[in-house]
Amino acid sequence: MMMDDNDFEQFDLTASERTYFMQSRHCVHTILIGNAQKIETAAWLRPTFDYLTDHNLTMDGDIVTSLLFVLNDEQDSVRFDEAWVPVKHI
């Protein structure tokens with residue numbers, strides 16, 4: 001789960017070895033969709049990279065993702081991940 005410092009303090013949460021703090025930055029927030037059995041990183045991220053190019057943005061750090069769910073249909077498993085892509089204008 002990703003949350004703002006203010007939310008962390010408001011709910012009186014405590015840090016643990018599973019807590020990771022990141023510096024605030026501008027991000028594109030998106031949902032990544034792909035075949036859960038063979039996620040090919042470049043193909044999986046292609047729509048996001050196209051969006052960045054179309055809007056004169058470039059990645060400015062590591063992508064943070066959180067698995068939402070995997071939906072099984074008749075032919076394959078479709079994976080949905082929430083993602084935050086740190087960006088800067090070029």
Can you measure from CD (E82) to CH2 (W84) and round to the nearest 0.5 angstrom? 3.5 Å

Is there a side-chain contact between L52 and V85, using heavy atoms and a 4.5 Å cut-off? yes

Given the rule that I, L, V, M, F, W and Y join up when any side-chain heavy atoms are under 4.5 Å apart, are V87 and F49 in one cluster? yes

Heavy-atom pair with the smallest gap, counting every atom of G61 and P86: C-CG, 3.6 Å

Gap separating the CE atom of M59 from the OG1 atom of T48, nearest 0.5 angstrom: 10.0 Å

Atom OG1 of T58 and atom CG of N56: how far apart are they, to the nearest 0.5 Å? 10.5 Å

Are any non-hydrogen side-chain atoms of V28 and Y51 less than 4.5 angstrom apart? yes

Contacts of D62 meeting salt bridge (Lys or Arg N to Asp or Glu O under 4.0 Å) (sequence neighbours excluded), chain-then-number -> none

Passes side chain to side chain contact (heavy atoms under 4.5 Å, CB included), S77 versus V70? Steps please. CA-CA 6 Å; S77 296; V70 175; 3.6 Å; yes

Derivation of the side chain to side chain contact (heavy atoms under 4.5 Å, CB included) call for W44 and I33: CA-CA 7 Å; W44 190 47; I33 304 169; 5.7 Å; no

Ignoring hydrogens and geometry, is there a side-chain-to-backbone donor-acceptor pair from R25 to D60 under 3.5 Å? yes

Is L67 reachable from L32 through a run of I, L, V, M, F, W or Y residues, each pair having side-chain heavy atoms under 4.5 Å apart? no

Pairwise distance CD1(I31) to CG(L68) - rounded to 0.5 angstrom: 5.0 Å

